[in-house]
Amino acid sequence: MDEIQGERIRALNSRGLQRGEYVLYWMQSSVRTEYNHALEYSVERANALDLPLLVFFGVTDKYPNANLRHYRFLLEGLEEAKGSLEDRGIRMIVQHVSPEMGAIALSGGSAMTVVDVGYTRELKAWRRKVAERIGCPLIGVESNVVVPVEAASIKEEYSAATIRPKIAKKLPLYLVPLRERELQNQSVDFDARASDFSNLGEVLGKLEIDRSVGRAEMFQGGTSSAMKRLDEFIDGRLDDYAEFKNDPTKDVVSNLSPYLHFGHISPLHVALEVDGVDSPGKESFLEELIVRRELAINFVNYNKDYDSFECLPEWCRKTLGEHASDPREYTYSLAEFERAETHDPYWNAAQAEMVMTGKMHGYMRMYWGKKILEWSRGPEEAYRIAVRLNDKYELDGRDPNGYAGVAWCFGKHDRPWKERPVFGKIRYMNDRGLRRKFDADLYVKKVGDL
DNA sequence: ATCGGCTCGCGCAA
DNA sequence: TGCGCGAAGCCGAT
């Protein structure tokens with residue numbers, strides 16, 4: 001049985017195979033050697049053509065909203081991926097170049113080019129450009145979802161309830177292990193002007209990036225860190241996950257989202273590991289990892305306005321519009337929010353947690369977004385502020401999960417509730433809810449101790 | 001502490 | 001066409 005399901009693979013142009021020196025794998029979204037369908041597919045094709053494989057990653061310093069925090073994490077993962085590819089006899093080059101331009105240049109020597117698939121507009125635009133410009137086939141492979149996006153649904157889904165049965169139906173087909181293929185021809189003879197990755201600090205120093213957001217000390221990028229976290233999560237915290245996942249004073253969440261965002265770990269690999277144990281938290285975690293995460297990806301894939309107010313369903317925009325001029329008890333600017341200068345110690349703690357650690361607890365993300373809606377001058381401005389702060393400070397920012405998370409705070413994937421000022425029919429949350437569910441003051445103290 | 005109402009639209013049953 | 005039901009809730013009534 002071929003474990004790389006056909007629905008994961010798509011030709012992105014209609015060029016024929018070329019007489020090339022190698023097969024090129026343009027790595028972009030799946031920076032790992034384990035459980036990487038694009039890599040294994042590339043190895044299969046290289047073996048079938050009796051060609052060596054060349055893996056390429058382009059590091060651009062122009063990626064929107066990315067800063068030192070994100071680049072450091074990215075590069076830590078890249079360094080590890082490069083090493084583990086070499087252990088498999090696969091040559092990887094990393095260049096300081098705009099990824100699509102680097103892929104176009106290297107495709108000049110390739111028989112065919114393979115790329116792993118991401119869903120945000122920057123990644124789609126790069127793929128489109130490469131597909132048009134190169135003379136050989138460009139093949140996209142989906143490895144960062146359990147169920148390929150269009151296999152799950154061919155349209156934007158309305159809610160978790162509508163996508164859940166569709167994913168459940170397809171799951172047996174895709175929740176299966178991926179075998180590692182051995183590359184036959186390891187004689188790649190390519191004199192690349194590749195960046196030297198022996199010194200990560202030096203590479204970071206060369207990039208012209210925003211350095212105002214510092215390293216997230218708690219998170220070290222790379223597959224081995226991700227796997228270590230996964231093991232610790234399954235052994236120590238999964239049992240309590242269902243009961244305490246919404247309690248930010250407890251340490252029960254997996255903290256894998258930065259690794260999933262940068263492709264340092266495969267969601268399929270995580271799902272299989274968790275599925276293989278007997279734990280009361282299993283079902284709840286798989287719901288988050290697969291149904292919620294892939295609902296978010298469905299949203300970004302099918303809704304071109306995924307990072308702005310315009311993405312919201314009609315009833316949300318209408319009700320928020322009707323309350324746009326309601327008096328606000330408090331209003332803050334982007335800068336005030338950013339500096340955590342609101343009157344609310346819980347909100348400030350959540351913001352501080354994100355700025356300091358690079359990852360806000362999932363439950364607080366809801367409260368955080370709801371309050372930005374409540375305390376901004378209007379819903380469109382609130383939307384921009386929430387997306388901006390999320391993208392800038394979260395290690396898992398600039399990701400479908402983040403965009404869907406912000407959208408949910410404004411009513412997306414949710415239902416209407418009793419109408420009230422400012423929110424209209426959008427679900428409301430307040431600080432009493434936090435105190436009802438957990439020791440909110442302990443959370444403030446915990447963040448203060450960081 | 002617990003319960004019902006709030007309110008829209010999807011999708012299935014009929 | 002009717003009807004059940006839905007990511008994380010709130011609020012007032014009992």
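Since the model is a prediction, treat every value here as computed from it, not as a measurement. So that the names make sense, note that chain A is the first sequence line, chain B the second, and so on, each numbered from 1.
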Among residues 418-441 of chain A, which residues get a heavy atom nearer than 4.0 Å to DNA chain B?
A:Lys418, A:Lys425

Covered region of DNA chain B, 5' end to 3' end, by chain A [heavy atoms, under 4.0 Å]:
B:dC6 to B:dG11

Measure the NZ-OH distance between A:Lys228 and A:Tyr259 for me, rounded to the nearest 0.5 Å.
9.0 Å

Can you run down the salt bridge (Lys or Arg N to Asp or Glu O under 4.0 Å) pairs that involve residues 65-77 of chain A, sequence neighbours left out, and say none if there aren't any?
A:Arg72-A:Glu76, A:Glu76-A:Arg215

Any base atoms under 4.0 Å from A:Ser159, or only sugar-phosphate, or nothing? Heavy atoms, all strands.
nothing

For residues 322-334 of chain A, which residue pairs pass the salt bridge (Lys or Arg N to Asp or Glu O under 4.0 Å) check, not counting sequence neighbours?
A:Lys318-A:Glu322

What's A:Arg164 touching, base or sugar-phosphate or nothing? Going by heavy atoms closer than 4.0 Å.
sugar-phosphate

On DNA chain C, reading 5' to 3', which nucleotide is the first and which the last to sit with an atom under 4.0 Å from a heavy atom of chain A, could you check?
C:dG6 to C:dC11

How close do A:Leu268 and A:Val176 get, heavy atom to heavy atom, and via which atoms?
CD2-O, 3.4 Å

Non-hydrogen atoms of A:Leu39 and A:Arg32 that approach each other most closely:
CD2-O, 4.4 Å

I'd like to know if the side chain of A:Asp61 reaches the main chain of A:Glu208, judged simply by a donor and an acceptor atom lying under 3.5 Å from each other, with no hydrogens or angles considered.
yes

Centroid-centroid distance, A:Tyr383 to A:Phe410, less than 6.0 Å
yes

How close do A:Glu341 and A:Tyr332 get, heavy atom to heavy atom, and via which atoms?
O-CE2, 3.6 Å

Are A:Phe73 and A:His264, when compared by the centres of their aromatic rings, separated by less than 6.0 Å?
yes

How is A:Trp417 classified with respect to the nucleic acid when contacts are heavy atoms under 4.0 Å: base, sugar-phosphate, or nothing?
base

If a pair means Watson-Crick or G-U wobble with both distances below 3.5 Å, what does DNA chain C look like in dot-bracket form, with | marking bases paired to a different strand?
||||||..||||||

Aromatic contact, A:Tyr63 with A:His70 (centres under 6.0 Å):
no

Quick one: label A:Glu314 by what it contacts on the DNA or RNA (base, sugar-phosphate, nothing), any heavy atom closer than 4.0 Å.
nothing

When rounded to the nearest 0.5 angstrom, what is the spacing between CG in A:Leu395 and CG in A:Leu260?
12.5 Å

Centre-to-centre under 6.0 Å for A:Phe233 and A:Tyr241, is that the case here?
yes

Provide the distance between the two C1' atoms, one in B:dG11 and one in C:dA8, to the nearest whole Å.
24 Å

Identify whether any heavy atom of A:Lys412 sits under 4.0 Å from a base atom; if not, whether one sits that close to sugar-phosphate; answer base, sugar-phosphate or nothing.
nothing

With ring centroids as reference points, do A:Tyr330 and A:His343 lie under 6.0 angstrom apart?
yes

